[in-house]
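Every chain is numbered from 1 and lettered A, B, ... according to where its sequence line falls, protein lines coming before strand lines.
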2 protein chains.
Amino acid sequence: MNAHHHDHAPKLSRNQNEILSCLRDANEPMSAYAILDRVRKTGISHPPTVYRALNDLMRKGMVHRLQSRSAFVACDHGACDGKFAFAICRACDKVVEISLSDEDQAGLLALAPDEIAPEQVTLELAGLCQSCRPAASA
Amino acid sequence: MNAHHHDHAPKLSRNQNEILSCLRDANEPMSAYAILDRVRKTGISHPPTVYRALNDLMRKGMVHRLQSRSAFVACDHGACDGKFAFAICRACDKVVEISLSDEDQAGLLALAPDEIAPEQVTLELAGLCQSCRPAASA
DNA sequence: ATGGCTGATGATATAACATAACAGCGAGAC
DNA sequence: GTCTCGCTGTTATGTTATATCATCAGCCAT
């Protein structure tokens with residue numbers, strides 16, 4: 001099993017569990033509707049149910065949303081409190097979660113202008129992963 | 001007129017001009033459909049027309065998309081080539097464009113794991129602007 | 001236990017965002 | 001002139017997200 005995380009695992013509802021498992025199994029970002037298709041057999045059958053569970057899981061830091069894709073991924077770490085970013089392969093959609101050090105976070109927050117006191121960072125790096133890169137450079 | 005930018009201003013089509021003006025006048029992010037409503041009087045009347053113009057303007061660096069809002073803003077600088085980020089007030093939607101220095105960009109790209117060669121950075125900082133901040137701290 | 005309150009889930013409907021695909025037109029090549 | 005190409009218009013539909021109301025289970029006071 002993959003419940004070997006050091007989580008405090010704050011008791012999930014049935015729906016939240018189904019959707020988190022789905023996302024962990026997929027190992028790639030899924031749209032809410034893709035998740036819906038995949039969990040229909042478990043009795044979840046309407047978009048709001050999926051969005052509710054996703055929002056709950058995001059609040060718990062166990063799922064993240066890829067803004068640039070309108071897609072969701074399970075947190076690699078079980079749960080995070082906001083110090084993360086993503087690298088995404090634009091060809092195959094592979095996603096790598098990046099843990100930001102406190103310094104990294106501080107550096108990012110420091111980019112904000114005086115006028116806006118930043119609370120939350122959204123950082124996504126898009127590129128090409130090794131397997132999607134052309135073998136030779138030309 | 002407001003064509004006093006130091007642009008090379010790569011001749012825009014009528015639609016592109018209408019939509020860019022609209023966005024510059026608004027001085028805040030607008031959804032594609034908000035733009036559509038606002039430019040209807042000029043003869044633009046269907047979503048694809050708006051999206052086409054927005055995409056063209058984005059290719060030219062004159063409009064940016066706020067991923068976290070599904071909204072569009074005119075580039076503060078006339079045009080940029082990708083070295084920018086945003087700070088967004090979560091209360092009033094005010095947006096401040098942040099120009100990233102080459103070092104900033106390099107620092108961000110350096111966060112990418114070996115596995116993914118980054119090409120593009122999406123960075124958005126959400127927080128509260130001065131006017132939306134509570135006056136006293138407690 | 002019963003009744004009513006509250007919070008979670010289920011279901012319907014629709015809003016908001018985005019694009020595929022094709023039609024028509026105008027300007028330049030020849 | 002007419003062909004072709006690129007831009008704009010139009011229809012239709014696909015995709016993402018949420019507002020709203022209904023239902024149900026647990027809980028607590030009585």
- Task: Report yes if a side-chain nitrogen or oxygen of Arg69(A) is closer than 4.0 Å to either non-bridging phosphate oxygen (OP1 or OP2) of dT15(D); otherwise report no.
- Result: no
- Item | From dG9(D), dT9(C), dC17(C), nucleotide with atom closest to Asn15(B) side chain | dG9(D)
- Message: Check for me: is Tyr33(A) stacked on dT15(D) by the 5.5 Å centroid and 30° plane-angle rule?
- Response: no
- Calculate the interatomic distance between Asn55(A) atom CG and dG7(C) atom P; express it in whole Å. 19 Å
- Query: Atom CE of Met58(B) to atom P of dT19(C): distance rounded to whole Å?
  - Reply: 8 Å
- Message: Would you say Thr49(A) places a side-chain N or O within less than 4.0 Å of OP1 or OP2 belonging to dT9(C)?
- Response: no
- Listed nucleotide nearest any side-chain atom of Pro48(A), set dT16(D), dG10(C), dT18(D): dT18(D)
- Message: List the residues meeting ring-ring contact (aromatic ring centres under 6.0 Å, His included) with Tyr51(A), not counting sequence neighbours, and say none if there are none.
- Response: none
- Does OP1 or OP2 of dA17(D) have a side-chain N or O of Tyr51(A) closer than 4.0 Å? yes
- Item | Interatomic distance where CZ belongs to Arg65(B) and C1' belongs to dA18(C) [whole Å] | 9 Å
- Name the residue closer to the 5' end of DNA chain D, choosing between Ala34(A) and Arg52(A) according to the nucleotide with the nearest heavy atom. Ala34(A)
- Query: In terms of side-chain heavy atoms, does Gln16(B) have a donor or acceptor partner in Arg14(B) at a distance below 3.5 Å?
  - Reply: no
- May I have the distance from Ile44(A) (atom CD1) to dT9(C) (atom C1'), rounded to whole angstrom? 10 Å
- State whether Ser45(A) places a side-chain N or O below 4.0 Å from either non-bridging phosphate oxygen (OP1 or OP2) of dA11(C). yes
- In terms of the nearest nucleotide of DNA chain D, which residue is placed more toward the 5' end: Ser13(B) or Pro47(B)? Ser13(B)
- Looking at the rings of Phe86(A) and His64(A), which for Trp means the six-membered one, are their centres under 6.0 Å apart? yes
- Message: Before you tell me yes or no, could you show the steps for Asp37(B) and Arg40(B) under side chain to side chain contact (heavy atoms under 4.5 Å, CB included), namely the whole-Å CA-CA distance, both residues' side-chain angles and the distance that decides it to 0.1 Å?
- Response: CA-CA 5 Å; Asp37(B) 284 344; Arg40(B) 240 178 242 287; 3.7 Å; yes
- Note on the structure: Whole-Å distance, Asp56(A) CG to dT18(D) C1', equals 15 Å
- Task: Look at the side-chain N and O atoms of His46(B) and state whether any lies under 4.0 Å from the OP1 or OP2 oxygen of dG9(D).
- Result: no
- Task: Would you mind telling me which of dT19(C), dC17(C), dA17(D) lies closest to the side-chain atoms of Ser31(B)?
- Result: dC17(C)
- Query: Tell me: CD of Glu18(A) to P of dG10(C), nearest whole Å?
  - Reply: 11 Å
- Message: With a 4.0 Å cutoff (strictly under), does any side-chain N or O of Ser70(A) reach OP1 or OP2 of dT15(D)?
- Response: no
- Item | Set of side-chain hydrogen bond (donor to acceptor under 3.5 Å, both in side chains) partners for Ser68(B), sequence neighbours left out | Glu124(B)
